[in-house]
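Read through the structure below, which is laid out as structure tokens, and then see the notes.
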Amino acid sequence: MMKAKEIILRAIKGSGRPPSRPAAALLSGATWTFRQRNLTLKEALDQPELAAGIICEINRTVKSDIVWPGSGFHNLLVHIFGGKIKFRPQGNIDVDEPAFGSISDLDHVDLARIDAHEWIVHIRSIIGAVSQRIGSDYLIGTSCWGPFTLAGQFYGVERLMSGLYKDKQGIRALMEVMTEVCFRYLAPAVERGAAMLSIAEPTASGDLISLKHFEEFVAPYLQKVITRLKEQDAFITLHICGNIGDRLYLAPQLGVDLLSVDYKVDLAQARRVLQGKIALAGNVNPVLLKDGSAAQVRAAALKCLEAAYDDRFVLMPGCDIPPAVPLENVVAFINCGAGRPF
């Protein structure tokens, strides 16, 4: 019987024939995972050994083919470089104040802060501990905002969007630094056992910026960081929220191994556009996972499999799942395709 790791790797690499069952995984899921043991992100961050144990324990029940230690902490980078953040009692980390007040603040960026910060050390410790415990059976991954979304968190989304029209030179300078921040945050995780690196670009959604701006201000920097990360022998997942139908074709050009799409994207269309060049993942609505019954979750997951299943498809939620999703719904989601000959 194939291990979960073998199944997901076959889906990512493409083998010409489907694996013994559909690959299925969560996307991130850190906040949800820790909530199963009433632990906040801050408490998990301060207790890395406990956090690693919880991640492994919960996945013994869920059996996600990809396990994502270190996910959920993307906005810590804003704090490290001088911005203000807020830990929610249950939920992700909010940015209360960006790190940069002006483009000139780029002149004072010290990238060594990333490796030196205690929180980053703890995150990498969690990744290493999870990899040691279950890395032979499951694919270990971690995640970060992509350069464009980092730019919005560091500089403010409104100023970023205005700069696309009024200060292109400044935004390009900002994007260069954010590309380096993304790389410097993710690359050391590979040494700790994270073979899959997920780059999330919600601010680059088709709901927020045009295809023209995506091609000018997002794609070149994504391609740059992806190329460098793949030199570390990592697989790359790209997730962009919202409707990205007009930019699906760019994913293979960027060097992505697995494209994770939102529930707003038509899976059949995405499969046609990608033509098997890279793996596709998606895309059950996370709200349904939270509010629906296990039967409704299974039906939605099966609909995704019927629309897009082949040897390069991974069943995933359309985004990170809310903390309040019932455990039984996650189990139903991951297990729904097991043993079914799609």
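Start at 1 with the first residue, then count along the sequence. Model, not experiment: these values are computed from the prediction.
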Report the distance from atom [atom1] of [X] to atom [atom2] of [Y], rounding to the nearest 0.5 Å.
X	Y	atom1	atom2	answer
Arg184	Ile114	CZ	CD1	6.0 Å
Arg312	Ile12	CZ	CD1	9.0 Å
Leu39	Gln90	CG	CD	9.0 Å
Ile55	Leu50	CD1	CG	10.0 Å
Ile8	Phe235	CD1	CZ	10.0 Å
Ser198	His239	OG	NE2	8.0 Å

Do [X] and [Y] have side-chain heavy atoms sitting under 4.5 Å apart?
X	Y	value
Leu258	Met316	yes
Tyr221	Phe148	no
Leu9	Leu139	yes
Leu315	Pro22	no
Ser210	Glu215	no
Asn243	Asp207	yes
Arg124	Asp115	yes
Leu229	Ile199	yes

Measure up the Tyr165 and His213 rings against each other and bin them: parallel (under 30°), tilted (30 to 60°), perpendicular (over 60°). perpendicular
Please verify the inter-ring angle class for His117 with His79; under 30° counts as parallel, over 60° as perpendicular, anything in between as tilted.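 Because their plane-to-plane angle is over 60°, the rings of His117 and His79 count as perpendicular.
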If I compare all heavy atoms of [X] with all of [Y], which pair ends up nearest, and what's the gap?
X	Y	result
Gly242	Val265	O-CG2, 3.6 Å
Gly206	Ile244	N-CG2, 4.1 Å
Arg113	Ile80	NH1-O, 3.2 Å
Leu280	Leu267	CD2-O, 4.0 Å
Leu211	Arg247	N-NH2, 3.1 Å
Ala44	Ala51	O-CB, 3.6 Å

Could you walk me through whether Asn92 and Phe87 pass the side-chain contact (heavy atoms from CB on, under 4.5 Å) check? CA-CA 7 Å; Asn92 291 326; Phe87 288 89; over 6 Å; no
Output yes when a side-chain donor or acceptor of [X] lies under 3.5 Å from a complementary backbone atom of [Y], and no otherwise.
X	Y	value
His122	Leu45	yes
Ser205	Cys241	yes
Thr149	Thr203	yes
Arg35	Val325	no
Lys5	Gly135	yes
Ser131	Ile127	no
Thr40	Pro89	no
Gln223	Gln253	yes
Lys63	Arg60	yes
Asp137	Lys3	no

Taking only Lys NZ, Arg NE, NH1 and NH2, and the carboxylate oxygens of Asp or Glu, determine whether [X] and [Y] approach each other closer than 4.0 Å.
X	Y	value
Asp257	Lys230	yes
Glu57	Arg133	no
Arg10	Asp65	no
Glu176	Lys224	yes
Arg172	Glu216	yes

Assess whether ring pair (Phe, Tyr, Trp, His ring centres under 6.0 Å) is satisfied between Phe333 and Trp32, documenting all intermediate values. CA-CA 15 Å; Phe333 173 76; Trp32 176 84; over 10 Å; no
Honestly curious: do [X] and [Y] fall in one hydrophobic cluster under the side-chain, below-4.5 Å linking rule?
X	Y	result
Phe217	Leu208	yes
Ile66	Ile226	no
Met175	Leu186	yes
Phe313	Tyr249	yes
Leu302	Ile7	no

Ring pair (Phe, Tyr, Trp, His ring centres under 6.0 Å), that's the test. Do Tyr155 and Phe100 meet it? Break it down for me. CA-CA 5 Å; Tyr155 188 49; Phe100 302 155; 7.5 Å; no
Let me see the working for Leu150 and Phe81 under side-chain contact (heavy atoms from CB on, under 4.5 Å), right down to the final yes or no. CA-CA 12 Å; Leu150 279 173; Phe81 287 94; over 6 Å; no
Step by step, would you call Arg298 with Glu328 a salt bridge (Lys or Arg N to Asp or Glu O under 4.0 Å)? CA-CA 11 Å; Arg298 280 192 293 270; Glu328 56 268 28; over 6 Å; no
May I ask you to check whether Ser71 and Ser143 show a side-chain donor-acceptor distance below 3.5 Å?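 There is no such pair between these side chains.
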Looking only at side-chain N and O atoms, does Asn75 offer a donor or acceptor that is under 3.5 Å from a partner on Trp145?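 There is such a pair (donor and acceptor under 3.5 Å, judged by atom type) between the side chains of Trp145 and Asn75.
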Passes side-chain contact (heavy atoms from CB on, under 4.5 Å), Phe154 versus Asp105? Steps please. CA-CA 10 Å; Phe154 272 65; Asp105 289 339; over 6 Å; no
Determine, step by step, whether Val261 and Leu248 satisfy the side-chain contact (heavy atoms from CB on, under 4.5 Å) criterion, reporting the C-alpha distance in whole Å, the side-chain angles of both residues, the deciding distance to 0.1 Å, and the verdict. CA-CA 9 Å; Val261 296; Leu248 287 166; 4.1 Å; yes
Just one of Arg88, Lys84, Lys86 clears the side-chain hydrogen bond (donor to acceptor under 3.5 Å, both in side chains) bar with Asp94, so which one?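 Only one option passes, and that is Arg88.
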